Each structure stands twice: as structure tokens, then as C-alpha cells.
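The model shown is predicted, which means the values in this text are computed figures rather than measured ones. Residue numbers begin at 1 in each chain, while the letters A, B, ... track the order of the sequences.
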Number of protein chains: 2
Amino acid sequence: MKELINYILQFGQLDKQQIDLVMNNVVESSLHKGEHFSEAGKVPKQVGFIVDGVIRGYYHHNNGEEITRCFISENSLVADYVNFEANTVSAEYLQACTDCRLIIFPKDNWEELSRAVAGWDNIKNKMVQICMYQKSRKGPVISQDATTRYREFMENYPSLINRVPLAYIASYLGVTQQSLSRIRRNIR
Amino acid sequence: MKELINYILQFGQLDKQQIDLVMNNVVESSLHKGEHFSEAGKVPKQVGFIVDGVIRGYYHHNNGEEITRCFISENSLVADYVNFEANTVSAEYLQACTDCRLIIFPKDNWEELSRAVAGWDNIKNKMVQICMYQKSRKGPVISQDATTRYREFMENYPSLINRVPLAYIASYLGVTQQSLSRIRRNIR
DNA sequence: CCATTTTTTTACCAAATGGTAAATGCTTTC
DNA sequence: GAAAGCATTTACCATTTGGTAAAAAAATGG
């Protein structure tokens with residue numbers, strides 16, 4: 001819980017009683033590698049905070065291929081927030097790509113906090129903006145060759161290289177995992 | 001002006017007097033192919049409506065290469081709205097890729113309308129959402145080969161193929177224009 | 001600790017793409 | 001309508017990447 005409180009207090013002040021209110025509206029939870037936080041075709045019902053682990057966002061393209069769009073790691077909110085807010089059906093999956101420890105805000109509690117905690121909305125909006133910004137972060141540059149895309153990935157996400165299965169990184173970079181493996185060999 | 005009025009009235013009702021107020025706060029304008037609507041490094045000061053023509057959004061990548069991120073064509077708003085609203089410096093260029101006829105809302109007038117026209121904010125928010133959605137629309141899929149990316153581009157933007165210089169489409173698709181030219185030959 | 005499963009690496013060949021250079025075609029302008 | 005400036009196509013070859021199959025390495029579960 002400490003991690004979540006520290007995270008929240010980055011965005012605004014809360015007194016002890018308010019912090020307790022927040023804590024009373026969350027649930028600790030976990031996901032094993034491969035399990036889903038939310039799924040395409042369903043209406044998302046929760047906002048999560050990643051205490052430990054990495055979650056990826058992906059969708060199925062026409063041909064059925066999985067396209068990885070982003071990675072989200074610890075000390076971040078995770079949610080398909082637009083559809084969470086609008087009660088609409090999600091178009092993408094959010095899946096644990098390592099085992100994850102999470103703190104969950106169920107939808108009712110998330111809304112309750114807006115009523116119960118003065119200043120919560122201000123904090124909330126800032127957190128959500130950061131959350132959406134991370135998901136929209138520029139992906140790999142399509143005109144660059146795979147080697148360059150991998151190099152830039154290492155610069156932008158150095159902490160992921162040794163934690164996330166190669167197949168997901170390959171999917172994010174738009175290459176087969178065989179090609180990515182070859183690229184890694186040739187880089188050294 | 002008719003085009004703009006029709007566009008606006010899609011999103012809400014306005015009476016004749018209110019329409020006049022809107023018209024009094026815009027300026028007709030035009031851009032030649034190659035000229036910029038707004039530029040990276042500057043604070044955007046206007047919202048535009050494209051009466052005729054196509055504008056592209058692009059930015060410079062590390063290595064100096066131009067990356068085309070989106071195309072916007074007639075009957076759409078065009079703006080770097082986040083930075084327009086926040087008075088912050090833009091990170092991308094918006095450039096006419098054909099000659100364009102535009103209707104411009106200078107920033108002061110745009111804000112004036114919120115005060116002068118009841119219901120304007122409601123209409124405005126809907127228009128801006130659509131504008132931002134169009135810019136965020138999913139780009140070409142990085143894992144597909146260039147031929148497939150071009151095929152899907154033709155499906156998604158059939159009206160652009162014969163209007164926009166090939167070099168810009170190539171930049172959007174992440175291939176050299178020579179490769180794109182060859183792809184076009186082989187497709188027929 | 002061994003068996004099983006998952007993940008990563010290798011290898012080989014075919015196909016796609018980039019780099020470079022040049023030719024052709026198309027517009028614009030005077 | 002000729003000249004100049006853009007835009008598009010072609011060609012050739014080197015390099016990169018994908019497809020397929022299999023081996024090796026690492027992680028997982030009894």
C-alpha cells in the first residue's frame with residue numbers, strides 16, 4: 001500500500017483521514033503471467049495500480065495477429081480509462097506479461113472517492129492524464145530497420161529487456177522473434 | 001462558409017443570430033502546397049476548418065528524418081489542440097500537402113465564442129474530440145510488409161491516393177518512395 | 001532432481017526492401 | 001511553348017527480414 005500512497009501524494013495533498021478513505025476503497029490483488037487485467041469486447045470495471053510487474057496492451061489485427069501496443073510497469077496506473085469512464089466496450093487487452101501485484105479500484109469505489117475525498121478529482125485527473133500519456137507514447141518508428149527499433153527500445157525501456165518475454169517485445173517492434181533473436185546476437 | 005455552418009450544426013443547434021456571431025469570429029484563409037498551418041517549436045494560435053485540401057501532421061525524428069503521422073482532409077478541424085489550449089509549444093508540424101482553403105478561428109475569437117454563444121462549449125467539445133480522434137487514428141501496422149500497409153492505406157483513405165504526393169504517403173507508410181513506386185507497379 | 005513445457009537461439013533459403021543513380025513524366029511559370 | 005523545377009518510375013545490387021524447421025537453453029511443476 002505504501003507504494004500507492006506515495007504515488008498518489010505526488011499529485012496532491014491528502015490528510016491521514018483522507019488517505020484512510022482511499023485505502024478503504026481499494027483491494028489488493030495479483031495476476032499470474034498471461035492472465036488478463038481487462039479484455040477486448042468487455043466493459044472495463046476497474047482501475048489498477050501496478051505494485052510490481054509489467055502489463056502489456058495488445059489487440060488483434062484483421063488477420064488475427066496479436067499487435068502489442070504498449071508496456072506499463074510498476075508505479076503506474078493501468079486502465080482502459082476512456083471505456084472505463086464511458087461504460088463502453090474495450091477494443092484492447094491488458095495482459096500481465098510477468099506475474100503482477102496490483103491494487104485495484106473497483107468502479108463503484110473509484111466514483112465514491114470523488115464524493116468522499118475533497119481534492120480527489122484533481123489528483124485523479126492528473127493521474128489519469130499520465131496513465132493515458134504513457135499508453136499513447138510514441139511507438140517504434142516504422143521507417144527504421146528492426147535493429148534500430150530494438151536499439152531505441154533498449155534506450156526507452158531499459159528495465160524491460162530482461163523481464164518481458166522476447167515474443168512480446170518482438171510483437172511490439174513488429175518483427176518475428178527469430179529475427180529479433182538474430183538482431184540481439186549481431187548487436188554484441 | 002456554408003461548409004463550416006453545416007459542419008457545426010451536426011453537433012448542436014444554433015439560431016441565426018448565434019450563427020452570425022460565429023461567422024463574425026472567423027477569417028477565410030488559404031495555404032499553398034508546402035506551407036505550414038502550425039509548426040513545431042511554436043505555440044499554436046489558431047484552430048482551422050479545412051474547406052478544401054489535405055493537411056498532414058509530421059515531426060522530425062532524431063536522425064532528422066521526417067515522419068508523417070496523419071492526414072486530415074476537408075470538412076475537419078485541424079489544430080494541435082492540446083498545445084493550443086495549454087499555450088505550450090508544439091512538437092509537430094501541420095503542413096498543407098495540397099493547396100488548401102481554410103476557415104480560421106484565431107485564439108481570441110475561439111475563446112470569445114465560449115462567452116458569447118450559449119451552447120458553444122458543448123458543440124466545441126464534440127468537434128475537438130472528433131479532431132483529436134482523427135489524429136490518433138491507428139497508423140499502419142508495423143509488422144506487416146509494405147505492400148499490405150499500402151493496401152490497407154488505400155482502403156482507409158481511398159480519397160487521398162490521387163491527391164497527396166507519393167513521398168508523403170511513403171513517409172506515412174515507412175518506406176522509401178522508390179519502394180512504394182515499385183509496390184504500386186506490382187499490385188496491378 | 002527429473003520430466004515437461006516454454007522460451008530463445010540457430011540455420012538455411014526465398015522474398016522484400018533500401019541505397020544509389022538515372023530516366024521519364026508532369027506542372028508551373030514566364 | 002520552352003525551360004525549370006517537382007514528382008514518379010526504373011534498374012541494379014547489397015542487405016535485411018520472413019518462413020520453416022529444428023536444436024539448445026531455461027523455467028516450471030511435480
Q: State whether B/Ser181 places a side-chain N or O below 4.0 Å from either non-bridging phosphate oxygen (OP1 or OP2) of D/dT9.
A: yes
Q.
Both B/Gln177 and A/Val175 contact DNA chain D. Which one's nearest nucleotide lies toward the 5' end?
A. B/Gln177
Q: Describe, in one word, how the ring planes of A/Trp110 and A/Tyr81 are oriented to each other, choosing from parallel (under 30°), tilted (30 to 60°) and perpendicular (over 60°).
A: perpendicular
Q.
Angle between ring planes, A/Phe71 versus A/Tyr157, binned at 30° and 60°: parallel, tilted or perpendicular?
A. perpendicular
Q) Atom CG of A/Asn162 to atom P of D/dA25: distance rounded to whole Å? A) 19 Å
Q.
Does C/dT17 have OP1 or OP2 under 4.0 Å away from a side-chain N or O of B/Thr147?
A. yes
Q. Which one, D/dA7, D/dG18, C/dT17, comes nearest to the side chain of A/Thr176?
A. D/dG18
**Q.** Interatomic distance where CG belongs to A/Leu166 and C1' belongs to D/dA24 [whole Å]
**A.** 15 Å
Q: Map A/Asp145 and A/Gln178 onto DNA chain D by nearest heavy atom, then report which one ends up closer to the 5' terminus.
A: A/Asp145
Q: For B/Arg151 and C/dA16, give me the distance from atom CZ to atom P, rounded to whole Å.
A: 11 Å
(Q) Just the rounded figure in Å: distance from P of C/dA16 to CD1 of B/Ile183. (A) 10 Å
**Q.** Gap between atoms CG and P, on A/Leu173 and D/dT17 respectively (whole Å)
**A.** 11 Å
Q: Check the distance between D/dT16's C1' and A/Asn186's CG and give it to me in whole angstrom.
A: 11 Å
Q. Would you call the rings of B/Trp120 and B/Phe105 parallel, tilted or perpendicular, where under 30° means parallel and over 60° means perpendicular?
A. tilted
Q.
Could you check whether B/Glu39 and B/Ser90, counting side-chain N and O atoms only, form a donor-acceptor pair closer than 3.5 Å?
A. no
Q) Reckon A/Gly174 touches a base, only the sugar-phosphate, or nothing at all at heavy-atom distances under 4.0 Å? A) sugar-phosphate
Q.
Counting the atoms with a prime plus P, OP1 and OP2 as sugar-phosphate, which does B/Ser179 contact under 4.0 Å by heavy atoms, base, sugar-phosphate, or nothing?
A. base
**Q.** Distance in angstrom units between B/Asp99 CG and C/dT27 P, rounded
**A.** 14 Å
Q) Has B/Lys42 got more than 12 heavy atoms of other residues, nucleotides or ligands less than 6.0 Å from its NZ? A) no
Q.
What is the distance, to the nearest angstrom, from the CD1 atom on A/Ile187 to the C1' atom on D/dT16?
A. 14 Å
Q) Can you find a side chain N or O atom of B/Arg182 that sits less than 4.0 Å from OP1 or OP2 on C/dT17? A) no
Q: Ignoring backbone atoms, establish whether A/Arg184 has a side-chain N or O less than 4.0 Å from OP1 or OP2 of C/dT9.
A: yes
